[in-house]
Protein chains: 2
Amino acid sequence: MNKHIKPTESELEILGILWEKGASTVREVHEILEQSKEAGYTTTLKLMQIMHEKGLLTRDASAKTHIYEAAVSRENTQQQLLNKMIDTVYKGSATQLVMQALGHHRSSPAELEQIRRYLNEMEKKQS
Amino acid sequence: MNKHIKPTESELEILGILWEKGASTVREVHEILEQSKEAGYTTTLKLMQIMHEKGLLTRDASAKTHIYEAAVSRENTQQQLLNKMIDTVYKGSATQLVMQALGHHRSSPAELEQIRRYLNEMEKKQS
DNA sequence: CCTGTTGTACGAATATCTTCGTAAACAAAT
DNA sequence: ATTTGTTTACGAAGATATTCGTACAACAGG
């Protein structure tokens with residue numbers, strides 16, 4: 001049942017905000033967006049309307065001020081983008097991606113430990 | 001001196017082919033591209049010409065048939081895309097990306113071992 | 001030399017994304 | 001009731017990406 005999700009860069013930013021905040025109005029999203037980006041209010045509005053048309057967002061239009069919510073899950077979207085990336089840029093090798101990610105992004109000892117435990121789990125299941 | 005590389009989806013496909021094959025003609029690239037995608041020859045040509053203008057490819061035009069080569073390294077490009085992805089889709093957590101990559105892409109025991117060794121290295125350096 | 005093949009160059013049509021101006025609907029305040 | 005502010009709707013302009021038709025140059029075989 002997995003849909004072919006392909007959000008653009010701008011759409012991804014909006015999705016990120018909605019995943020964090022949950023259901024929100026255009027203004028709420030716009031105010032967060034403004035902190036990292038220059039954009040007019042109607043631009044954000046239009047984007048979110050289009051995302052709604054595409055099925056990326058749901059909206060509750062019962063009140064005057066509409067409430068939008070992400071219609072695609074963060075996990076699903078992450079997976080889609082990850083797969084494509086591994087495929088086109090890492091020759092299909094997830095291992096390479098993992099090592100590069102570990103190499104360039106400082107992880108805390110606790111995180112490293114978390115990953116180690118995860119690796120152990122993986123190996124148990126492999127039998 | 002890292003340039004701001006931002007290849008489009010189509011450009012990425014072509015880069016992937018050139019990284020694998022090394023320097024190639026348009027026809028060679030096109031023939032590989034055709035296996036996974038519907039496209040005319042002149043479309044591929046135009047794309048590669050534009051990529052050359054953008055500085056994504058170098059070309060040797062001394063012979064009638066031009067030879068193109070990737071002008072950006074796979075590693076550099078991977079890093080750029082990885083950074084952006086961790087940032088926008090994984091809330092900045094490389095750890096989460098790593099675990100999702102491990103979870104959904106079966107890795108061989110040898111690969112898991114490789115990652116484990118890499119983790120050990122990381123922890124030593126952290127002292 | 002003519003002809004068919006292969007290649008590049010150019011330009012244009014199409015699609016998609018991004019941005020925002022303007023208008024209309026609505027509510028709250030004066 | 002008029003004004004003011006907030007919101008959605010609409011449409012269009014600008015930017016970028018994608019696709020390909022057509023023309024022209026180089027070359028190979030006859």
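Below, each value reflects all heavy atoms present in this structure, side chains not excepted, and no hydrogens, waters or symmetry copies. What you are looking at is a predicted structure, and each value in this text was computed from that prediction instead of being measured. Below, chain A is the first sequence line, B the second, and so on; all start at residue 1.
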* **Spacing between B:M48 atom CE and D:dA17 atom C1', to the nearest angstrom** => 17 Å
* To do: Verify the contact: side-chain N or O of B:T43 to OP1 or OP2 of D:dT18, cut-off strictly under 4.0 Å; return yes or no.
  => no
* Would you kindly give the OH-to-P distance between A:Y68 and D:dT8, to the nearest whole Å? => 6 Å
* Asked: Quick one: A:L47 CG to C:dC20 P, roughly how many Å, whole number?
  -> 11 Å
* Minimum side-chain heavy-atom gap A:E28-A:T25 below 4.5 Å -> yes
* At under 4.0 Å, does any side-chain N or O of B:Y41 touch on OP1 or OP2 of D:dT19? -> no
* Asked: Is the phosphate of D:dA17, meaning OP1 or OP2, less than 4.0 Å from a side-chain N or O of B:K54?
  -> yes
* **Separation of D:dG21 P from B:Q49 CD (nearest whole Å)** => 16 Å
* Asked: NA contact type, A:T8, heavy-atom cut-off 4.0 Å: base, sugar-phosphate, or nothing?
  -> sugar-phosphate
* Nearest-Å distance, CG (B:D60) to P (C:dT8)? -> 12 Å
* Asked: Are a donor atom and an acceptor atom from the side chains of B:H105 and A:N83 found within less than 3.5 Å of each other?
  -> yes
* Asked: Atom NZ of B:K37 and atom P of D:dA17: how far apart are they, to the nearest Å?
  -> 13 Å
* Using 4.0 Å as the upper bound for N to carboxylate O, is an ion pair formed by A:R116 and A:E111? -> no
* **Test item: A:E11 side-chain N/O and A:T8 main-chain N/O as donor-acceptor pair under 3.5 Å** => yes
* d(NE2, B:H30; P, C:dT8) in whole Å -> 12 Å
* Asked: D:dC24 P sits how many Å from B:L45 CG, rounded?
  -> 17 Å
* Select base, sugar-phosphate, or nothing to describe what B:T65 touches, counting heavy atoms under 4.0 Å on all strands. => sugar-phosphate
* To do: Check whether any side-chain N or O of A:R27 sits under 4.0 Å from OP1 or OP2 of D:dT7, and answer yes or no.
  => yes
* A:I67 or A:K46: which one's nearest nucleotide on DNA chain D is closer to the 5' end? -> A:I67
* Look at B:R59 and C:dA9 and indicate whether a side-chain polar atom (N or O) is within less than 4.0 Å of OP1 or OP2. => yes
* Asked: Can you tell me if the side-chain N/O atoms of B:S10 get under 4.0 Å from OP1 or OP2 in D:dT18?
  -> yes
* May I ask you to say what B:T42 touches in the nucleic acid, namely base, sugar-phosphate or nothing, with a heavy-atom cut-off under 4.0 Å? => base
N/O donor to acceptor pairs below 3.5 angstrom from side-chain atoms of residues 31-44 of chain A, sequence neighbours left out:
unit_1, atom_1, unit_2, atom_2, d
A:E34, OE2, A:H30, NE2, 3.4
A:S36, OG, A:L33, O, 3.3
A:T44, OG1, A:H30, ND1, 2.8

* Asked: Does the D:dT8 base have a donor-acceptor partner in the side chain of A:K64 within less than 3.5 Å?
  -> no
